[in-house]
Amino acid sequence: MEASPGSWFAGLSAAERAALHGRGVARRYRTGAGLFHEGDLSDWVAMVTSGQVKVSSLTPDGKEVVLAICGPGELLGELSAIDSFPRSATATAVGPVEVRVVSGQAFREYLATQPGASLTFLRSLSGRLRDSDRRRVEFVALDSIGRVASQLIDLTERYGVDAGDGGRRIDLPITQDELAGLTGASREAVGKALQLFRRKGWVTTGRRTVTVVDPDGLRARAT
């Protein structure tokens, strides 16, 4: 498995990876399938081995807020495995996904016997908290266009692949609705932002694809 840069699994040693692998079982999900749902009482952990998973929550009025897009090497459901509380979010396969599922008890035993992995786990949680803090600042400091620009830069850094002519295509089949959920904007606002970015020559778009041509232009708009 090729873990995403910066993911929890990428930070483990070969021995720590082998110890975790031996405690889990493989499970596959089709596009759009739910791995688990907000409010579920289950404590197993899933590590993404291929594909991407959308983690989202619903507001009281039924609007979806996308909290994260998780790729290979990232953990899902680890909080419920640690505190035994109901699931705080819903996990949905963005495309075909394979995960390795570890029971909550086995995961806790793993962390107890692998101090290096435990420290890496804490670093991963710390990184997520920092990302959450950054997003809260962006919601206050940036308008919807700035938030879309910032999110496109983030997605490009995580999932960008060479598209030729210096462009980086976001290798993730994300919809405008999902991009709206990630940025706390309406679908209409996302559409207007993408239209502006295309007009300025910063991005090109296709069906569920975005290619960033001028990242500096997007960064300037995201500040």
Side-chain angles (χ1 to χ4, degrees), residues 1-60 64-136 154 158-159 172 178 181-182:
M1 180 191 74
E2 185 175 349
S4 301
S7 67
W8 177 68
F9 193 73
L12 300 180
S13 69
E16 290 164 347
R17 294 181 180 190
L20 177 67
H21 190 273
R23 296 173 185 264
V25 295
R27 191 175 296 175
R28 294 178 176 83
Y29 295 87
R30 298 187 303 273
T31 302
L35 283 70
F36 53 77
H37 297 86
E38 189 171 1
D40 283 355
L41 289 171
S42 58
D43 72 345
W44 49 266
V45 175
M47 186 183 68
V48 183
T49 54
S50 67
Q52 289 88 29
V53 176
K54 175 179 67 175
V55 181
S56 63
S57 183
L58 292 179
T59 64
E64 182 185 54
V65 177
V66 180
L67 305 175
I69 302 291
C70 297
E74 296 185 274
L75 290 175
L76 302 167
E78 68 275 22
L79 295 183
S80 291
I82 296 299
D83 61 21
S84 299
F85 282 18
R87 299 292 191 191
S88 60
T90 295
T92 308
V94 175
V97 166
E98 182 172 332
V99 301
R100 194 152 194 89
V101 173
V102 180
S103 72
Q105 179 177 347
F107 185 68
R108 292 188 292 271
E109 291 173 351
Y110 171 77
L111 293 179
T113 58
Q114 302 287 336
S118 295
L119 182 57
T120 304
F121 177 67
L122 289 175
R123 289 189 182 122
S124 176
L125 290 180
S126 176
R128 285 170 51 188
L129 287 173
R130 290 180 185 275
D131 285 344
S132 180
D133 288 343
R134 176 181 58 83
R135 290 184 67 182
R136 279 197 291 269
D154 183 61
R158 295 182 63 194
Y159 299 110
L172 183 69
E178 289 164 341
L182 276 167

### Message
side chain to side chain contact (heavy atoms under 4.5 Å, CB included), that's the test. Do Val102 and Trp44 meet it? Break it down for me.
### Response
CA-CA 6 Å; Val102 180; Trp44 49 266; over 6 Å; no
### Task
Could you go through the side chain to side chain contact (heavy atoms under 4.5 Å, CB included) check for Met47 and Phe9 one step at a time?
CA-CA 8 Å; Met47 186 183 68; Phe9 193 73; 3.2 Å; yes
### side chain to side chain contact (heavy atoms under 4.5 Å, CB included) between Val97 and Thr49, intermediate numbers included
CA-CA 8 Å; Val97 166; Thr49 54; over 6 Å; no
### Task
Assess whether salt bridge (charged side-chain N to carboxylate O under 4.0 Å, His left out) is satisfied between Asp43 and Arg87, documenting all intermediate values.
CA-CA 8 Å; Asp43 72 345; Arg87 299 292 191 191; over 6 Å; no
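Looking at Phe121 and Leu75, their side chains come closer than 4.5 Å, going by heavy atoms from C-beta outward. At least one side-chain heavy atom of Ile69 sits less than 4.5 Å from a side-chain heavy atom of Leu172. Here the side chains of Gln52 and Tyr159 are in contact, with some heavy-atom distance below 4.5 Å. Taking the side chain as every heavy atom from C-beta outward, Phe36 and Thr90 never approach each other to under 4.5 Å.
Looking at every heavy atom in both residues, Gly11 comes nearest to Thr120 through O-OG1, 3.8 Å. Nearest heavy-atom pair across Arg100 and Ala26 is NH1-N, 3.6 Å. Residues Glu74 and Ser7 share a closest heavy-atom pair of CG-CB, 3.6 Å. Smallest separation of non-hydrogen atoms from Tyr110 and Arg17: OH-N, 4.5 Å. The two residues Ser42 and Ser80 come nearest to each other via the heavy atoms O-CB, 3.6 Å. Here the closest non-hydrogen pair linking Gly51 and Pro72 is O-CD, 3.4 Å.
Here the CD-CG distance, from Glu109 to Leu111, works out to 10.5 Å after rounding to the nearest 0.5 Å. We find the OG-CD distance between Ser50 and Glu98 to be 5.0 Å, quoted to the nearest 0.5 Å. Taking OG of Ser88 as the reference point, atom CG of Asp83 lies at 8.5 Å (rounded to 0.5 Å). Going from atom NZ of Lys54 over to atom CG of Leu182 covers 9.0 Å, rounded to the nearest 0.5 Å.
Remark: of the listed residues Thr92, Val53, Val99, Val99 is the sole one forming a side-chain contact (heavy atoms from CB on, under 4.5 Å) with Tyr29. Among Val45, Val101, Val48, the single residue meeting the side-chain contact (heavy atoms from CB on, under 4.5 Å) criterion with Leu76 is Val48.
At most 12 non-hydrogen atoms from other residues, nucleotides or ligands lie less than 6.0 angstrom from CD of Gln105.
Side-chain contact of Ser56 with Glu64: a donor-acceptor pair under 3.5 Å is present, judged by distance alone.
The salt bridge (Lys or Arg N to Asp or Glu O under 4.0 Å) test applied to Arg27 returns no partner, not counting sequence neighbours.
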